[in-house]
Amino acid sequence: MFMEIGDLLHAYRQRRNISLSELAERTDISKAALSKIESGETKRPGFSQWKKIASALNIPYVDVIIAYLDTTERPVTLQLLLKEALELNYPPVVQLVALKLLETPKMDTFLALDHLLQATNDAKDQGVTLTLYNVMIDYARKHGVPFYLGKGLYERYMLERDDFSRFEETYRRGKELLHYIDLLPPIERITFYYRMGTHAYILGYYGESIEFCGKGIREDGTDNKPKASALISIVNSYLSLGDLILAELYLKEYEDSEYADYRKIHLRALLHAKQGQHEDAMRLYELCLAEAGKDSRVTIVSDLLEVYLESGNDALIKELIDSEDQFLPSDVLAHPYRIKQAARYYKRKGVSQLAIGHIEEGFDSLLQSISYYRQLGASDKVIEGVGLFLKHHRLQQKVFSFEDMEIIEKFCHNEGIYK
């Protein structure tokens, strides 16, 4: 239960040991008016009056807004309180005021939802913005207002998708928007398809990546950078699924794009490798490494390691791993895609090290790979990594140390494998 304005005024006046006469002098509000507010005779003073009183008594501004919120249903006042709450930058208060604005019978539902949507532009940080979208989404879902539900889901997804700590959850939440996708304008609909397609690829959902990116491409009649990125996801997904015919078909479309870059060489090298043409693949990988910037090289190196491994080039494997400082990104944790590529590299590195007899280093690399996949919330990849780690312990006839047991147990508990 929140304190009413009169009770709050009385409590803080007594705490500060300030008489009504003294408070009247500090606020330039008459003693009689203050007395009526404190006694409850005036239940809703003007908000500017209430702010003066609160400032004089050092009442926390959270309490100022909440106490006044309980006194009014007037849309204009509630809009003012929402503005004040946004200035306060405190999500719980923003949520309370936003809900009150939506629930007041004195304002049209669509106008209230539109006001919340516009208010997101005034939010100072992502937490407050997400609070407004969540309030709007929950209300629109319960009251059957599909346009605002779709808009809220779209904007929330666009904000949350780069939060790698909830990457899997954000992807699953994003799928709800598919029920309202036709309500979005074409540019937002295409953007959503492209973003979800890339999201699915990072998580290893290759079929879904192809489906999402394909929907965006079919609607997008222009040549642009997001479309080119979507084509990369499709080609990689088909390669991962072993469909080399469709991979080559979409690769040609990517190569024809004005926005194609060094990755067209990388993808062509991948295709050669899948076709068993190792010499051609290695030549293109090495050309690609020369063209790519440092932060883009780790993906190429991961694939080159696999070709070296399949070709039995132990010396080249060691040489490539020893040059790690030339291709590992400076800030792996900056983006989910970088985390995935680092996880993939350490997995390939670990398997390659084990193959050339660097046993302890290989196990350390596999653990690093599992750790990165866990940060993405990629449960399937974590389980796969743990299985690979155990398999190579068995193949190497290596005793499973208590330290390794403890690390694996931590990964399993964090991923919810044990119930």
Side-chain angles (χ1 to χ4, degrees), residues 85-86 89-96 98-99 102 113 116-142 145-185 187-205 208-209 211-213 215-216 225-226 229-230 233 331-343 372-382 414-416:
L86 290 173
N89 210 33
Y90 185 48
V93 176
V94 171
Q95 181 179 18
L96 285 172
L99 279 171
L102 288 172
L113 284 165
L116 286 192
L117 187 59
Q118 297 303 318
T120 60
N121 297 323
D122 297 326
K124 293 182 178 179
D125 67 24
Q126 184 170 306
V128 172
T129 306
L130 284 172
T131 296
L132 287 171
Y133 284 132
N134 283 328
V135 170
M136 187 166 66
I137 288 166
D138 291 343
Y139 185 88
R141 187 187 289 122
K142 290 174 184 175
V145 191
F147 173 78
Y148 287 97
L149 177 54
K151 182 64 175 173
L153 289 170
Y154 172 79
E155 296 293 350
R156 183 177 71 181
Y157 173 74
M158 297 301 284
L159 278 176
E160 290 184 335
R161 72 179 298 273
D162 289 337
D163 179 0
F164 59 81
S165 65
R166 302 170 58 204
F167 206 57
E168 175 91 32
E169 179 189 351
T170 300
Y171 178 71
R172 297 194 184 283
R173 277 158 59 103
K175 285 186 173 182
E176 184 183 356
L177 180 54
L178 294 174
H179 299 294
Y180 311 98
I181 193 72
D182 291 336
L183 298 173
L184 295 179
I187 186 64
E188 290 184 356
R189 187 166 58 245
I190 292 169
T191 298
F192 175 73
Y193 283 142
Y194 286 160
R195 295 291 180 89
M196 282 290 281
T198 304
H199 203 152
Y201 172 69
I202 293 173
L203 288 171
Y205 301 143
E208 293 179 22
S209 177
E211 181 181 359
F212 280 123
C213 289
K215 285 181 177 179
K225 191 173 182 179
S229 296
S233 294
D331 187 0
V332 170
L333 301 180
H335 190 276
Y337 186 72
R338 285 193 182 184
I339 298 174
K340 178 185 177 175
Q341 296 310 322
Y372 279 134
Y373 277 126
R374 185 171 64 84
Q375 290 182 61
L376 280 176
S379 304
D380 292 346
K381 291 293 185 181
V382 170
N414 285 346
E415 287 303 319

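Only a predicted model underlies this, so the values are computations on that prediction, with no experimental measurement involved.
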Taking it one step at a time, do Leu132 and Glu155 satisfy side-chain contact (heavy atoms from CB on, under 4.5 Å)?
CA-CA 11 Å; Leu132 287 171; Glu155 296 293 350; over 6 Å; no
Using atom types as modelled and distance alone, determine if a side-chain donor or acceptor of Tyr154 lies under 3.5 Å from a backbone N or O of Leu184.
no
Rounded to the nearest 0.5 angstrom, the CZ-CG distance for Phe147 and Leu117 is 7.5 Å
To the nearest 0.5 Å, what is the distance between OH (Tyr180) and CG (Leu149)?
4.5 Å
For Gln95 and Val135, the nearest pair of non-hydrogen atoms, with its separation, is CG-CG2, 3.8 Å
Rounded distance (nearest 0.5 Å) linking atom CG of Leu116 with atom CE of Met136
7.0 Å
For Tyr171 and Ala200 the tightest heavy-atom approach is OH-CB, 3.4 Å
Is the terminal nitrogen or CZ of Lys215 (NZ for Lys, CZ for Arg) located under 6.0 angstrom from the six-membered ring centre of Phe192 and within 45° of that ring's axis?
no
So, Tyr205 versus His199, ring centres under 6.0 angstrom or not?
no
What verdict does the side-chain contact (heavy atoms from CB on, under 4.5 Å) test give for Arg161 and Met196, after you've listed the backbone C-alpha separation in whole Å, the side-chain angles of each residue and the deciding distance to 0.1 Å?
CA-CA 9 Å; Arg161 72 179 298 273; Met196 282 290 281; over 6 Å; no
Assess whether atom OH of Tyr90 is packed by more than 12 heavy atoms of other residues, nucleotides or ligands within 6.0 Å.
no
How far does OH of Tyr133 sit from NZ of Lys151, to the nearest 0.5 angstrom?
6.5 Å
Looking at Tyr372 and Ala343, what are the two nearest heavy atoms and their distance?
CB-CB, 3.5 Å
Verify, without hydrogens or angle tests, whether Arg195 (side chain) and Met158 (backbone) share a donor-acceptor contact under 3.5 angstrom.
no
When you measure from the side chain of Ser209 to the backbone N and O of Thr198, does any donor-acceptor pair fall under 3.5 Å?
no
For Gly204 and Lys340, the nearest pair of non-hydrogen atoms, with its separation, is N-NZ, 4.4 Å
I'd like to check Tyr193 versus Ile181 (side-chain heavy atoms, cut-off strictly below 4.5 Å). Are they in contact?
yes
With side chain to side chain donor-acceptor pair (under 3.5 Å) as the test, pick out the partner of Arg156 among Thr129, Thr170, Asn134.
Asn134
Least distance between heavy atoms, Tyr194 atom then Pro226 atom
CD1-CB, 3.7 Å
Between the CZ atom in Arg189 and the CG atom in Asp182, the distance rounded to the nearest 0.5 Å is 6.0 Å
Write down the atom of Pro91, the atom of Thr131, and the distance for their closest heavy-atom approach.
CB-OG1, 3.4 Å
Hey, could you give me the CG/CG distance between Asp125 and Leu130, rounded to the nearest 0.5 Å?
9.0 Å
Please test Asp138 against Arg141 for side-chain contact (heavy atoms from CB on, under 4.5 Å), starting from the C-alpha separation and ending with a verdict.
CA-CA 5 Å; Asp138 291 343; Arg141 187 187 289 122; 3.2 Å; yes
Out of Val94, Val93, Asn121, which residue meets the side chain to side chain contact (heavy atoms under 4.5 Å, CB included) rule with Leu86?
Val94
